[in-house]
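This one's a predicted model, so the numbers in the text were calculated from it and none came from an experiment. Reminder, nothing fancy here: chain letters follow the sequence lines and each chain counts from 1.
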Protein chains: 2
Amino acid sequence: MIELYLLEQLLAFSEYGTLSAASKHLHISQPALTHSMQKLEELMEVKLFERQKNRITLNETGKLAVEYGKKVLDQEKEMIEQIRLFDKSSRTITLGACAPVPVWDMVPLLSQIYSGLTISSEIRNRDEELLEGLEKNKYQLVILHEKPSNGEIYVQAYGKERLFLSVPEGHPLAERSEIYLSDIDGQNLLLYTEIGFWYELCRQKLPNAHFLMMSEHDAFGEVAGSGAFPSFVSDVLMRRDPNNSLMEKKIIPILDNEVNVTYYCVCRYSDRKKFEPLYRRLGSYKI
Amino acid sequence: MIELYLLEQLLAFSEYGTLSAASKHLHISQPALTHSMQKLEELMEVKLFERQKNRITLNETGKLAVEYGKKVLDQEKEMIEQIRLFDKSSRTITLGACAPVPVWDMVPLLSQIYSGLTISSEIRNRDEELLEGLEKNKYQLVILHEKPSNGEIYVQAYGKERLFLSVPEGHPLAERSEIYLSDIDGQNLLLYTEIGFWYELCRQKLPNAHFLMMSEHDAFGEVAGSGAFPSFVSDVLMRRDPNNSLMEKKIIPILDNEVNVTYYCVCRYSDRKKFEPLYRRLGSYKI
DNA sequence: GTCGATTACGTATTACGTAACAATT
DNA sequence: AATTGTTACGTAATACGTAATCGAC
């Protein structure tokens, strides 16, 4: 049997070209590498190197061994990763979401239904990244803003959100009764960080706007920014927090279709039984 | 990094159910296995076992680790096998053939064209097995009796062979001027061993015949068998060896289509340049 | 002189064995 | 009593380091 440390050393030699360079990166001595490569050839029962007096290079067989060695080591890494993920997933539910609002809904709900498990969540900008994470066991559950089609997954729409423009009184835009995003391209706009796909949407529809990024509980941001610049707010936020400072501002409907989103709760098809209690609750859920 | 001997020991435990049984099959002591499994959990940073006082079993994570461990070890075996095959193929050409006649043609031809390389050959009964061996680098060259379609291969027809029945003078069948194989089903028939697909053909078309198997240079066979029983001979054999003992027998054409075969010389498409000299010679070849 | 590879030899890690023990059947 | 797993401790294999040598640039 050929142990993996020998393959790792072979790959290092292949990468750095000489035994001495590879040995430095492996933090072992040069003679140790010489011995390892001799042992590798011995175990393979095959010549892997061409040796000149003070030069050693891979022959064709050696190059093939490097290719296969990469595969084997990759699979070992994959194994460890998957086993750790599986172990973690038996103790935690990791939620990936495209926006903050679904996280605020789901985390308490999950904590309640799966009271023995730890709930962790993160927000990503792109649905594709979330689906990839779902496939690779990084997430057990993801919230998307576009209905996915492919894959062995289980999907359920569970709520909507709509974006509005929030303009300070006295601002030139404050008199508008409705607006297109293109109308405010080029302006200074206040934006929260960690808003997932909304950020992508803003970048796409407002390529020339200047965004003042503000982390959610940034007191400075609230004081310095919110008085002067237009920002965004959603129907869900207003309903939940009706008497906040936003009330002193003008709320202007946005006419672009894209600001009207439906959220989809997605799990792997094989997990559908595990999440059946959740989906049942979501069925009667209205954001 | 998790070394492979740990995975091998995990698989042995999974297979034999207890540490002590596994340790016997691994030819190591029981405490050694205990330590290895503890080390494995340590390296994975994950619990793989449920431990009672004198009982240890895999938990769900452990079962997953077994699955992944199998994959990794299989790939390591595959790596060694492929590297050894590649090394061998740089020094030898291994021919797989469906019948003996093409071997007699090809081996001298290959020796002549590829004079630095060792030529080895073997005969297999089924074309599929030969194609599989070609794909898996077991053979660099195969001779088939049916034109293959699928795969990344390079094919050239190079010769034909036709089978006749050879009947001793005085045998009841000796007066026939032509015959179907079905006419001789149930008879005693003399057959050489190592005749590849011809044997499959006989078994299929003559399910009730009794075959007296005779290895090629079996003097006893020549004496005891050839005088009494019908056997087979081909046009190629008769042309090459016109004045042998077969001349004292009656040669009867067989009317079944299947006794008329064309041989196809096949290599991997990626090897077509290597075998171009061979294919050029085969182009003008007549068996 | 510097750099790279190999050989020789010593050292330190570690995988494994032996012995003893605890718990279950 | 026989079997199974763990702990403690010693041993032996081996991966690695240091020093020395040889060749190439």
Side-chain angles (χ1 to χ4, degrees), chain A residues 1-63 65-66 69 72-73 76 80, chain B residues 1-63 65-66 69 72-73 76 80:
Chain A
M1 196 162 44
I2 292 174
E3 293 299 341
L4 297 188
Y5 75 92
L6 290 174
L7 296 181
E8 193 173 53
Q9 293 177 3
L10 175 69
L11 295 199
F13 168 67
S14 164
E15 184 173 357
Y16 297 107
T18 67
L19 290 183
S20 60
S23 69
K24 285 187 182 69
H25 286 91
L26 290 165
H27 302 289
I28 61 173
S29 69
Q30 191 184 46
L33 245 190
T34 296
H35 278 126
S36 288
M37 296 303 97
Q38 288 168 346
K39 172 152 192 170
L40 194 59
E41 283 183 309
E42 204 175 286
L43 290 169
M44 293 262 197
E45 299 170 359
V46 149
K47 292 260 161 277
L48 300 173
F49 305 96
E50 300 295 333
R51 295 165 205 271
Q52 284 91 40
K53 276 296 167 188
N54 76 339
R55 188 88 203 151
I56 181 170
T57 51
L58 289 164
N59 64 21
E60 290 305 309
T61 313
K63 289 174 189 169
V66 168
V72 174
L73 280 172
E76 184 251 7
I80 295 177
Chain B
M1 197 161 44
I2 292 172
E3 292 299 339
L4 297 187
Y5 75 92
L6 290 174
L7 296 180
E8 193 172 51
Q9 293 178 2
L10 175 70
L11 295 198
F13 168 67
S14 164
E15 185 173 356
Y16 297 108
T18 67
L19 291 183
S20 59
S23 70
K24 284 188 182 67
H25 286 91
L26 290 166
H27 302 291
I28 62 173
S29 69
Q30 191 186 47
L33 246 189
T34 295
H35 279 126
S36 288
M37 296 303 97
Q38 288 168 346
K39 171 152 193 169
L40 194 58
E41 283 183 309
E42 205 176 287
L43 290 170
M44 292 262 197
E45 301 171 357
V46 150
K47 293 261 159 277
L48 299 173
F49 305 97
E50 299 295 333
R51 294 164 206 272
Q52 284 91 41
K53 278 293 169 189
N54 78 335
R55 188 87 203 149
I56 180 170
T57 52
L58 289 165
N59 64 21
E60 290 306 308
T61 313
K63 287 174 189 168
V66 168
V72 174
L73 281 172
E76 184 250 10
I80 295 177

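Residue A:E41 contributes atom CD, which lies 14 Å from atom P of C:dA5 at whole-angstrom precision. Taking atom CD1 of residue B:I56 and atom C1' of nucleotide D:dT4, one finds them 10 Å apart after rounding to whole Å. In this structure, the CZ atom of A:F13 is 12 Å from the P atom of C:dG4, given to the nearest Å. Distance, B:N54 CG to C:dA23 C1': 5 Å, rounded to whole Å. Computed from coordinates, the A:Q52 CD to D:dA24 P distance equals 10 Å when rounded to whole Å. In this structure, CZ of B:R51 is placed 8 Å from P of D:dT7, rounded to the nearest angstrom. Protein atom NZ of B:K53 is 22 Å distant from nucleotide atom P of D:dT3, rounded to whole Å. With rounding to whole Å, B:L43 atom CG is found 11 Å from C:dT14 atom P.
Counting non-hydrogen atoms under 4.0 angstrom, A:S20 reaches the backbone sugars and phosphates but no base. Looking at heavy-atom distances under 4.0 Å, A:T18 makes contact with sugar-phosphate atoms alone, never a base.
Contact of the B:M1 side chain with the A:L73 side chain is registered, since non-hydrogen atoms from C-beta on lie closer than 4.5 Å. In this structure the side chain of A:L43 reaches within 4.5 angstrom of the side chain of A:K39, judged on heavy atoms.
Across all their heavy atoms, B:I56 and B:F13 have their closest contact at O-CZ, 3.3 Å. For the residue pair A:L33 and A:S23, the shortest heavy atom distance occurs at CD1-N, 3.5 Å. In this structure, B:L19 and B:M37 approach most closely via the heavy-atom pair CD2-CG, 4.1 Å. Considering all non-hydrogen atoms of both residues, A:L48 and A:A65 come closest at CD2-CB, 4.0 Å.
Contact annotation: A:Q38 reaches the phosphate of C:dT7 (side-chain N/O to OP1 or OP2, under 4.0 Å).
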Problem - Annotated protein contacts, base or backbone, on nucleotides 9-17 of chain D with a non-hydrogen cut-off under 4.0 Å, one of B, S, - each - result: ------SSB

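Screening B:N59, B:T61, B:L40 for a side chain to side chain contact (heavy atoms under 4.5 Å, CB included) involving B:V46 leaves a single residue, B:T61.
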